[in-house]
Structures are given as C-alpha cells and as structure tokens.
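Here the structure comes first, spelled out in structure tokens, and everything after it is commentary.
Lettering of chains follows the sequences in order, A, B, ..., and the numbering in each one begins at 1.
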There are 2 protein chains.
Amino acid sequence: MKQIPEKAIERLILYRRILMSLNPSDRPNIFSHELATLSGFSSAQIRRDLMAIGYSGSPVKGYSLNNLVESLNEFIDSEEKQHVAIIGLGQLGRAILNYCKNRRKKIEIVASFDKDPQKTDQVILGTHCYGIDKLEKIIKEKNIRVVILAIPAEEAQEMAERIMKAGIRGILNYAPTNLYLDNDVFVENRDMILAVEKVAYFSRKIDKEGFVESLS
Amino acid sequence: MKQIPEKAIERLILYRRILMSLNPSDRPNIFSHELATLSGFSSAQIRRDLMAIGYSGSPVKGYSLNNLVESLNEFIDSEEKQHVAIIGLGQLGRAILNYCKNRRKKIEIVASFDKDPQKTDQVILGTHCYGIDKLEKIIKEKNIRVVILAIPAEEAQEMAERIMKAGIRGILNYAPTNLYLDNDVFVENRDMILAVEKVAYFSRKIDKEGFVESLS
DNA sequence: TTCACACTGTTACAAAAATCACAGCGAATA
DNA sequence: TATTCGCTGTGATTTTTGTAACAGTGTGAA
Ligand SMILES: NC(=O)c1ccc[n+]([C@@H]2O[C@H](COP(=O)([O-])OP(=O)(O)OC[C@H]3O[C@@H](n4cnc5c(N)ncnc54)[C@H](O)[C@@H]3O)[C@@H](O)[C@H]2O)c1
Ligand SMILES: NC(=O)c1ccc[n+]([C@@H]2O[C@H](COP(=O)([O-])OP(=O)(O)OC[C@H]3O[C@@H](n4cnc5c(N)ncnc54)[C@H](O)[C@@H]3O)[C@@H](O)[C@H]2O)c1
C-alpha cells in the first residue's frame, strides 16, 4: 500500500469523529458529499482518502456508517490499547487529562507524572500521579509509548531526551518550544499562542478582503 | 504581493518565536541554515519564506536578528493591538487565559465570558469575566474580532453563530466539534484527542518501521 | 587588486496534493 | 427489458508546495 500522507491521516481521524457523532439507526448510510459538508473537505477528497485505506462503498447507498467507522478504526487504531502518559499536571495537564480520559477505546492514559511532591503518589482525575523519579520504571512497566508534555518550556528539552531514552515514540508537546530529538520520535507541537496569532492574522485578512477560501 | 500559503504563515510565526528566544547581543546575526536547524525546516524553505515577505539579509552576515524579527512583526502583526476574548472559563479556558495573557505585544485578551454566575462579574486571572448576556455589548465596546472557544461541544455551534453575528472574524475552537459558518469567519480547530490519536498513529508507525521522515 | 569563500535571492525543477471528470454500476421506474 | 439516475472509484490533470541549483555579492586573505 502506498504511503498515506500525514494530512490524509488527520482527515481520516476527523472523519471518524464526525461519523461517530452520527446515529446509525437514524442514518445507516452516508454519501461522500454529505461527509464533505460535515467535514469541510471536498467529496472527491473524501472518496480518495477512503480509497487510500481500501474502503469501498456502494454507488447506490453510499457508505455504510457502521462499516466505515469499523474500517477507520482498523486503520487508525492499534490492535492493543495504546498507553499514554501525561507529564506535568498543572492547569493545562489536568484539563487535558480530564478531557482525554476514556474518550477512545484504544487510547488510555495510564499514568501522570509531576515533580511537585504535593501532586505525586495519589490518584488525580482517575489516574495515578507518579513522582518524576519513577518515570523510566513506570514507562517500562506500563508499556507507555506516547507522552503528552505539559511542563514549562525550560524543562521540555531535557525531559524529551529523557523519555526518548526511556522508549517513548510519540510526543504531543504543549510547551512553547521546539524539541530536538532523533528522528525516531514523532513530535507534534501545539503551541496555543501560535494558534492565536494565526487566527488573528487570518481574521484581519478577512476583515480587509471580506472572505476566506480555505477552511481548515 | 502574491498570496502566501497558510502553512507558510505558520512557519513565519514559528520563526519569530524561535528568533525571539535568542539573545541578539550574543548573536546579532543568523544564517538560514541555523534557523533551519532550530525550526526543523530546510534552509531553502526559510530563504523562500523570507523572500515572500520581502525581507533581505546579507550574503555575508546572514540575517540580522533584530531586523528580521522587526520585519516578521510587521508582517504578522496588525498595527493596532488585536483584542481577543475567551468564552468558557472552565479548566481549559483558565489554562489558556493564564498562558496567553501578556505574551504578545499586539494581542491582548480583553474579556472572558461564562454562563456560570459563580464566575461572572469578577476579575479572573487578570481579565474581567462577563456574563454571556453581555456578549454582544462587550464585543462591540471592546472591538473584539477574535475569540477562543472553550465551551462544551453541544453549545459550540450556537455560540459560534452568535459571535459571528456579533462581528467576530476568527475563532480558535477547542470544542471537539466542527463549526458550520459562513466563510467570512476563519476557524481553527484544535481538538486534543485528535492530536493524541495522530501521535499514537505515527508512534506506532515508527515502532514498526524504525524512523520517520517528516517532522512537523 | 585579485581571489576564494560562504552565504543569499531567485529561478528552474520535482514532488506532492487536490481537483476534475468520467466510466461503471445497481436500483428504481416504466 | 430498457432507460434513467446519482453515486462511487479512479486515471488524468491542475495546482500547490517544496527542493535544488546557481548566479550574484560583500568580505577578508594574500
Ligand atoms: N496554560 C496553558 O494553557 C498552556 C497553553 C499552552 C502551553 N502551555 C505550556 O504548557 C506548560 C504547562 O502549562 P500550565 O499552565 O499547566 O503550567 P503550570 O505551572 O500550571 O503546570 C506545570 C506543571 O508541570 C510540573 N512540572 C514542572 N517541571 C516539571 C518536570 N521537569 N517534570 C515533571 N513535572 C514538572 C509542575 O509541577 C506543574 O505541576 C507550560 O510550558 C506552558 O507554557 C500552557
Ligand atoms: N479540558 C480539556 O483539556 C479540553 C481539551 C480539548 C477540548 N476541550 C473542550 O473544551 C471545552 C471546555 O473544556 P473544560 O475542560 O474547560 O470544561 P469545563 O466544564 O471545565 O468548562 C466549561 C466552561 O464553559 C462554561 N460554559 C458552558 N456553556 C457555556 C456557554 N454557552 N456560554 C458560556 N460559557 C459556557 C461553563 O460554565 C464552564 O465554565 C469542552 O468542549 C471540552 O470538550 C477540553
């Protein structure tokens, strides 16, 4: 199978979220143009994305909702549950933990870490918070490969190197700094202030020009 | 000037963040390949992006740090401060507010809104929190064009339509739902669980294949 | 003064991504 | 049974995005 581009993966994940929010008993099938309206992408784009994962619909009925979600699950998810940890249970870390827990069948937040002794060695928001000294031990024990980083920027690089050595393969980084790592770790940066700046930029553009072509 | 693609805007904003974190007295100039290392993009990409905004460096010294940041400011920022509001001062909203306030000269969070009377009519984290009934009034009074949405998904669409009518031109949406609006509003969606799924997917890929080509 | 050097700016090229457009299909209709 | 219809799947095409390559440039060494 040909390499599926990163952007297409993002779209597929979005399609799934949209489809899961629909009720299959109301609406057993969906056409590409309907999903297009719901997602903001073109129907051709959607057909092609689904082609990429080898899913086929019926030219008459469209796509079976249950069926398509199942195919997306198969493509996006791992067989086994994937174990995730959050490092840094500050304001942001707690918000993320609270939001993400139990939201997906195949993703489970199995541990959190903090360096503040007031927070460690107790269950916070349903997840045990460990001291940072137990990091390597717990990562190994609980078979964690993905980390959500929500610690201050100054600490992020050091921590990233440390968890990389401990076997982490994916980092969702909320600290406002780039991480410099070997390329056998996938890093996704989510700096909120950059997002605000981007929105501010394009909102101004709209104000001046009166419209925008692309919706993300 | 030719249309600069959305991705290029994101890169330019990132360049600025990186450059601002450097000390111009240590290092008055920077070469494209150095910024490449710091940002993870190629040096050719960087030269081209800077060309797009009409910035020129010296073939001998490279780019003057101060100068380049100034040019980026001019390109990215508006002349006037842009006024931003946060709607929904829950866990996430407070974290965002706390993080974003006073971080950029040209972006100011001038109001927050919540429907919970316990939170309204007081200053929270340095910003006045208004009741949701004052929304239109305050948006107009304070000349707000950009909103950060951090309310539950079920309420997001209705609220989005309401603020659109009130004159908002850009929405940074943290609710896990798509917003359906006229295309004279720029919407940037930031669903964290989708981000986790993406990282989980690529981390698995790395585990299987041993490396990754693209760093975001 | 000449030359080598290491960079930039820019054009030419390549790759990737999105869109178009249409053949093919099964159901519904008559 | 024949015909129409609106959809999917997919090759062809266009558009967008990124990369490579190199001429041009100021500096400092000789
Ligand atoms: N608050 C936001 O909305 C927001 C948004 C984007 C990015 N960020 C970034 O996310 C990070 C956290 O933000 P926050 O608002 O939660 O801050 P916070 O100060 O509330 O929380 C930081 C937490 O990390 C812990 N910590 C610090 N260093 C650590 C280390 N080395 N190992 C383990 N734990 C450590 C602290 O004990 C604290 O609990 C910061 O980098 C911030 O800039 C925050
Ligand atoms: N917590 C997270 O990390 C996280 C991450 C991603 C997305 N989200 C989403 O962001 C939103 C907020 O998350 P949270 O954890 O802060 O939830 P929360 O319940 O702590 O906060 C929600 C806040 O919004 C207010 N609110 C609700 N409806 C409103 C309305 N119509 N107008 C004004 N205010 C209203 C509530 O009073 C509350 O203060 C939710 O949609 C959540 O799914 C949260």
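Considering only side-chain atoms of Phe31(A), the nucleotide from dG9(D), dT8(C), dC7(D) that sits closest is dC7(D). Residue Lys7(B) has its side chain nearest to dG18(D) when only dA20(D), dG18(D), dG9(D) are considered.
Proximity of Leu194(A) to Arg17(B): side-chain heavy atoms (C-beta onward) are separated by under 4.5 Å at one or more points. Counting only heavy atoms from C-beta outward, the side chains of Lys101(A) and Leu125(A) approach each other to under 4.5 Å. Between Ile86(B) and Phe113(B), every side-chain heavy-atom pair lies at or beyond the 4.5 Å cut-off.
An OP1 or OP2 oxygen of dA17(C) is reached within less than 4.0 angstrom by no side-chain nitrogen or oxygen of Gln45(A). Phosphate proximity of dT8(D) to Ser32(A): present, with a side-chain N or O under 4.0 Å from OP1 or OP2. Taking side-chain N and O atoms only, Ser56(B) has a distance below 4.0 Å to OP1 or OP2 of dG9(C). Of the side-chain N and O atoms in Arg11(B), one or more sit less than 4.0 angstrom from OP1 or OP2 of dG18(D). Checking the phosphate oxygens (OP1, OP2) of dG26(D), no side-chain nitrogen or oxygen of Ser58(B) falls inside 4.0 Å.
Atom CZ of Arg47(A) is separated from atom P of dA12(D) by 17 Å (rounded to the nearest Å). Atom CD1 in Ile46(A) sits about 10 Å away from atom P in dT19(C), given to the nearest Å. Straight-line distance from the CD1 atom of Ile9(B) to the C1' atom of dT17(D): 14 Å, rounded to whole Å. Atom CG in Asn67(B) sits about 15 Å away from atom C1' in dT8(C), given to the nearest Å. Atom OH of Tyr55(A) is separated from atom P of dT10(D) by 14 Å (rounded to the nearest Å). Atom CD1 in Ile53(B) sits about 11 Å away from atom P in dG9(C), given to the nearest Å. In this structure, Leu35(B) places its CG atom 10 Å from P of dT8(C), rounding to the nearest Å. Going from atom CD of Glu6(A) over to atom C1' of dA16(C) covers 13 Å, rounded to whole Å.
Mapped onto DNA chain D by nearest heavy atom, Pro59(A) and Met51(A) fall at different nucleotides, with Pro59(A) at the one closer to the 5' end. Summary of the strand contacts: Val60(A) and Gly57(A) both lie near DNA chain D, and taking for each the nucleotide with the nearest heavy atom, the more 5' one is attributed to Val60(A).
The base of dT10(D) is not paired with the side chain of Arg48(A) by any donor and acceptor separated by under 3.5 Å.
Figure legend: cation-pi geometry between Arg169(A) and Phe186(A) absent, as NZ or CZ is not positioned both under 6.0 Å from the six-membered ring centre and within 45° of its axis.
Closest approach of Val110(B) and Thr127(B) over heavy atoms only: C-CG2, 3.9 Å.
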